[in-house]
Amino acid sequence: MSDRIILFDGVCKLCSAWAKFLIKYDRNHTFALATVQSAAGQRLLTQHGLPTDTYSTMVLIDGETLYTQSSAFLRVMRLLPLPWPIFTIFYLIPRPIRDWLYDRIALNRYKLFGKFDSCLLPTPDHQKRFIDGD
């Protein structure tokens, strides 16, 4: 299992689409996935001092380093195969502006994209990509 773990909101339709995108394009299995609602997700949130009851950002745990908001997104894009690293051009935008833009989407994601009643379960062929699927 990878030491790069992405935590995402499993009931958010946008976040679930992000996980499906990663499963499709992360051909080298650089990242493991966990929903924040899962036991593993809750444990990792607690270990890193993050709230376990409200979720307003994707989290990337890369070894001992924690990334959130736009930095997490851009770090993930940087580590995916071509052409995705081209998105790292957005590092040129100052972080406060990037994070403000990220927050506008994250805080309105249920209104903009919808919400599932419960976390979607990974399909058997995707289950190995999830921490809880070991």
*Any ring-ring contact (aromatic ring centres under 6.0 Å, His included) pairs touching residues 33-72, not counting sequence neighbours?*
none

*Any idea how Phe21 and Tyr25 line up, ring-wise: parallel (<30°), tilted (30 to 60°), or perpendicular (>60°)?*
tilted

_Between Leu66 and Val59, is there a side-chain heavy-atom distance shorter than 4.5 Å?_
yes

_As a quick check of understanding, evaluate side chain to side chain contact (heavy atoms under 4.5 Å, CB included) for Asp26 and Ile23, giving each step before the final call._
CA-CA 6 Å; Asp26 179 20; Ile23 289 167; over 6 Å; no

*Considering all heavy atoms, the nearest Ala106-Ser56 contact*: CB-O, 3.3 Å

*Scan Thr68, Asp9, Asp103 and name whichever one has a side chain to side chain contact (heavy atoms under 4.5 Å, CB included) with Thr57.*
Thr68

*asked:* Name the residue from Leu60, Leu33, Leu22, Leu14 that meets the side chain to side chain contact (heavy atoms under 4.5 Å, CB included) definition with Phe8.
replied: Leu33

*For Gly63 and Ile61, work out which heavy atoms get closest and say how close.*
O-CG2, 3.6 Å

_Side chain proximity check, Leu7 to Ile5, heavy atoms < 4.5 angstrom_ = yes

*Kindly check if the number of other-residue, nucleotide or ligand heavy atoms within 6.0 Å of CD1 (Ile105) is above 12?*
no

*asked:* I need the minimum non-hydrogen distance between Gly41 and Ser38, along with the two atoms involved.
replied: N-OG, 3.0 Å

Side-chain donor-acceptor contacts of residues 71-85 below 3.5 Å, not counting sequence neighbours, with atom names and distances?
{"from": "Ser71", "atom 1": "OG", "to": "Arg98", "atom 2": "NH2", "distance (Å)": "3.2"}
{"from": "Arg75", "atom 1": "NE", "to": "Asp62", "atom 2": "OD2", "distance (Å)": "3.2"}
{"from": "Arg75", "atom 1": "NH2", "to": "Asp62", "atom 2": "OD2", "distance (Å)": "2.8"}

_Is it true that, when you exclude Ile89 itself, more than 12 heavy atoms of the residues, nucleotides or ligands shown sit nearer than 6.0 Å to its CD1?_
no

